[in-house]
Amino acid sequence: MSEIDTRKRVDLDDEARIDLLRTMQRIRAFESRVQTLFADGELPGFVHLYIGEEAIAAGVCGALEESDYITSTHRGHGHCIAKGHEFDRMMAELYGKETGYCGGKGGSMHIASPKLGNLGANGIVGAGVPIGVGAALSSQLRGSGQVAASFFGDGATAQGAFHEAMNLSALWDLPFVGVVENNQYGEMSALEEQQAVTDLSERATSYGVPGIDVDGMDVEDVYAATTAAIEAARAGDGPSLLVCDTYRFEGHHEGDTEFYRDDDEINEWRRRDPLKTYPERLIEEGVLTNAEWNDIVDEIDAELEAAIEFARESDYPEPESAYENLYAEEV
Amino acid sequence: MAEAATGTESITVREAIRETLSEELGRDERVFVQGIDVASRGGTFGLLEGLGEEYPERVRNTPISEVAIVGSGLGAAMTGMRPVVEVMYSGFLGVPMDQILNQVAKLRYMTDGNVDIPLTIRTQNTSGFNAAAQHSQALHQLLMAIPGIKVVCVSTPADAKGLLRAAIRHDDPVIVFEHAGVYNREGEVPVGEYEHRIGEAGIEREGEDVTVVATQVQLWNALEAAERLAEEDVSVEVVSPRTLDPLDVETIAGSVRKTGRCVVVDETPLCGGSQSELATVITEEAFFDLDFPVQRLGVDDVPTPFSPPLEEEIYPDTDDIVTTVRQLA
Ligand SMILES: Cc1ncc(C[n+]2csc(CCOP(=O)(O)OP(=O)(O)O)c2C)c(N)n1
């Protein structure tokens, strides 16, 4: 097993720190608008929001190179934004418009852009993990030096797909990073109702890989842990499992009554809201002024409103396009 | 069947499913229910709400582990229990498929009948919710292709009660395909304990000119089409197979022998779809009474796209049924 010094602080200059903050705010702003648009009946289908978990996507993707791969989940908007997807084409996909990343065929749960290294959000819990491992295998075979990171929830660790993929990636020393987003719940059931071993980083031991506990509400902690895991992966030392403790501030999906948790718990976690604590910290440390922060927020809002207009004004795909792009070779 | 029903009541499919499970849990201690959030939320769409409080020991939340949900149901079924396991969407059947294909469906046969497998798997097809390709699928045709597991499709509230009860009391594995698009449908249901026997089709509307064989959402579309066509003096008989495997050949072919024309409509993709099996059986059994080849309506071999106009494009609707029937009549 390779050793990973989890407490090793990486040097982040001011610009890099502001970038991490900006990415988190981009996700928060996007998700907050999606929430109201969904409530207003503008968006079809199911929507699972990432609000509260922004530090993970921002920290992990911030540490990845553009050419690296990710796989995502049903709660995937944040991963897409952090991996460089544009608001306008994402929003258009949520509206089911032809200008969306998937031409309207995917929707909220399935945004993918292989060109941006995103092998897909996924509606099947756990399914992305072996796919991520496969991308890591491909990198190893091609000698490309790329790394693959798979995001998945605590609930997904109960799937066989997770176990099989972790074992394979460890056996073959693949350049893979498993990122558990432990938001304490899978749907309406708490972690301890679903997992015999609730300390999820302990699972890593059984695959002989480093299991790293990460503060998923602290973007710099996520960034540092991911950087260490990626370095090991690129050096040929094999995969790691990052277990990021976090919380989803909203329901499992929009419309969830949240009968299974109480306000005290939610408020306790909200005190650790990365979009409260991190801007405060950067301002306090003189990295950013209040005014600059407000400008960032306004800039993002303006871009977002333009994206919504873009999505609204885009056309629906032609009905016949439902029959297009099933195969590479039509016969 | 057996029990004398005293009249009917009007309930929804959703209510019928909950009621039946509650009654069967109350009647037989060997029955238990397991699946994701079945006790806390009441399973998918909250269908079983409150059941977990009624039977805390026997309505069990599981981890997100479909292999274990189905596989442990099988093991329990082989050793004296009558489990009802839930797989939230039929698209998720891919995860526990080995348990279904090689274990549930084969163990009785491979032991030459030495073990009964009274296992019920509940799942649901979805269409019309813009839930995209993985969550929106009709997959009963895959299970029809596996000898050793019986396949039923719930379309009406009476089906929901009759078929679910029959499945639970049946000594063979039965997979019950519900459909998200019919949960809120209301209809008359006989009061008291009754079953729709496994292997029995139902005539949902009598007619003379054309037989439409349909399941689930398409059954309701077929009934609506029949209503519209009646105004044009075309009399449509609507048949619900209810059990897709084994098919009630007598009832289905019997209707076609009478009308001489048949349209089969289902949401499975046409290539290898349930429509093909039905059309073949009907053609074999009613060939000399058929005036036209049996017509098939279904999905033209693509997954379900997310965008509303795309999803509407690929599924048959009432207009499609009306048009097809008109061409035959
Ligand atoms: C194979 C499969 N089973 C069940 C579901 C239904 N489902 C969707 S999200 C979810 C909970 C996932 O929990 P977790 O992995 O912790 O991710 P989170 O939603 O908390 O981000 C479930 C059970 C599914 N999509 N796929």
Side-chain angles (χ1 to χ4, degrees), chain A residues 43-46 74 92-98 100 102-111 121-127 153-163 185-191 193-196 252 256-257 259-260 315-327, chain B residues 35-46 49-50 52 60-71 87-89 91-99 126 128-137 180 269 271 299-315:
Chain A
L43 303 178
F46 303 146
H74 56 285
E93 189 60 34
L94 298 194
Y95 274 81
K97 298 298 182 74
E98 65 174 2
C102 306
K105 288 203 176 81
S108 166
M109 270 191 288
H110 304 294
I111 296 179
N122 211 310
I124 303 297
V125 170
D154 47 293
T157 65
Q159 286 286 22
F162 159 75
H163 162 71
Y185 291 87
E187 284 200 344
M188 288 82 202
S189 295
L191 177 71
E193 295 170 65
Q194 301 198 36
Q195 311 295 339
H252 168 62
D256 176 6
T257 58
F259 61 85
Y260 48 87
D315 289 328
Y316 281 111
E318 288 301 323
E320 301 76 55
S321 75
Y323 303 107
E324 290 166 5
N325 288 325
L326 182 61
Y327 297 113
Chain B
I36 295 166
D37 282 330
V38 288
S40 42
R41 177 190 43 184
T44 318
F45 298 113
E49 209 181 335
R60 310 174 68 87
N61 285 338
T62 64
I64 309 169
S65 308
E66 282 82 1
V67 176
I69 293 171
V70 174
V87 174
M88 295 177 63
Y89 286 75
F92 304 171
L93 286 171
V95 179
M97 198 45 122
D98 173 68
Q99 288 295 327
T126 301
F129 283 75
N130 309 121
Q134 295 171 338
H135 283 69
S136 308
Q137 313 196 45
C271 180
V299 173
D300 198 0
D301 298 319
V302 285
T304 305
F306 162 73
S307 183
L310 299 190
E311 179 164 11
E312 272 164 42
E313 163 67 26
I314 70 159
Y315 283 103

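A quick note: this is a predicted structure, and the numbers were derived from the prediction, not measured. First the proteins, then the strands, lettered A, B, ... as listed; each starts at 1.
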Return the CD1 to CD distance between B:I64 and A:Q194, rounded to the nearest 0.5 Å. 5.0 Å
For residues B:P303 and A:L326, determine if any side-chain heavy atom of one lies less than 4.5 Å from a side-chain heavy atom of the other. yes
Cut-off 4.5 Å, heavy atoms of chain B, and the answer for A:Q195 is neither
For residues B:N61 and A:S189, report the shortest heavy-atom separation together with the two atoms involved. ND2-OG, 3.8 Å
Side chain, backbone, both or neither of B:E66 within contact of chain A (heavy atoms, under 4.5 Å): both
Are A:E187 and B:M88 packed together at the side-chain level, in the sense that at least one heavy-atom pair is separated by less than 4.5 angstrom? yes
One option among A:T157, A:V125, A:I124 has the most heavy-atom pairs under 4.5 Å with chain B, and it is A:I124
Please name the pair of heavy atoms, one in B:D300 and one in A:Y323, separated by the smallest distance, quoted to 0.1 Å. CB-CE2, 3.7 Å
List in chain and number order the residues that pass side-chain hydrogen bond (donor to acceptor under 3.5 Å, both in side chains) with B:T304, two or more places apart in sequence or in another chain; answer none if no residue qualifies. B:Y315
Is there a side-chain contact between A:M109 and B:Q134 in this structure, where contact means two heavy atoms from C-beta onward sitting under 4.5 Å apart? no
For A:F259, is it the side chain, the backbone, both, or neither that has a heavy atom closer than 4.5 Å to a heavy atom of chain B? side chain
Closest non-hydrogen atom pair between A:G186 and B:D37, with its separation: O-OD2, 4.0 Å
Scanning both residues in full, the closest heavy-atom pair of A:G106 with B:A132 reads O-CB, 3.5 Å
Does any backbone or side-chain atom of A:L43 lie under 4.5 Å from a heavy atom of chain B? Answer side chain, backbone, both or neither. neither
Option that, when pairs with chain B are counted at under 4.5 Å, heavy atom only, ranks first among A:N122, A:D256, A:T257: A:N122
Given 3.5 Å as the limit, does a donor-acceptor pair link the side chain of B:S307 with the main chain of A:G96, or not? yes
For B:F306 and A:Y95, the nearest pair of non-hydrogen atoms, with its separation, is CE2-C, 4.4 Å
May I ask you to name which of A:K97, A:E93, A:E193, A:K105 has the most heavy-atom pairs under 4.5 Å with chain B? A:K105
Residues that B:Q99 engages under side-chain hydrogen bond (donor to acceptor under 3.5 Å, both in side chains), provided they are two or more places apart: none
Minimum-distance pair of heavy atoms, taken over all atoms of A:A322 and B:L310: N-CD2, 3.9 Å
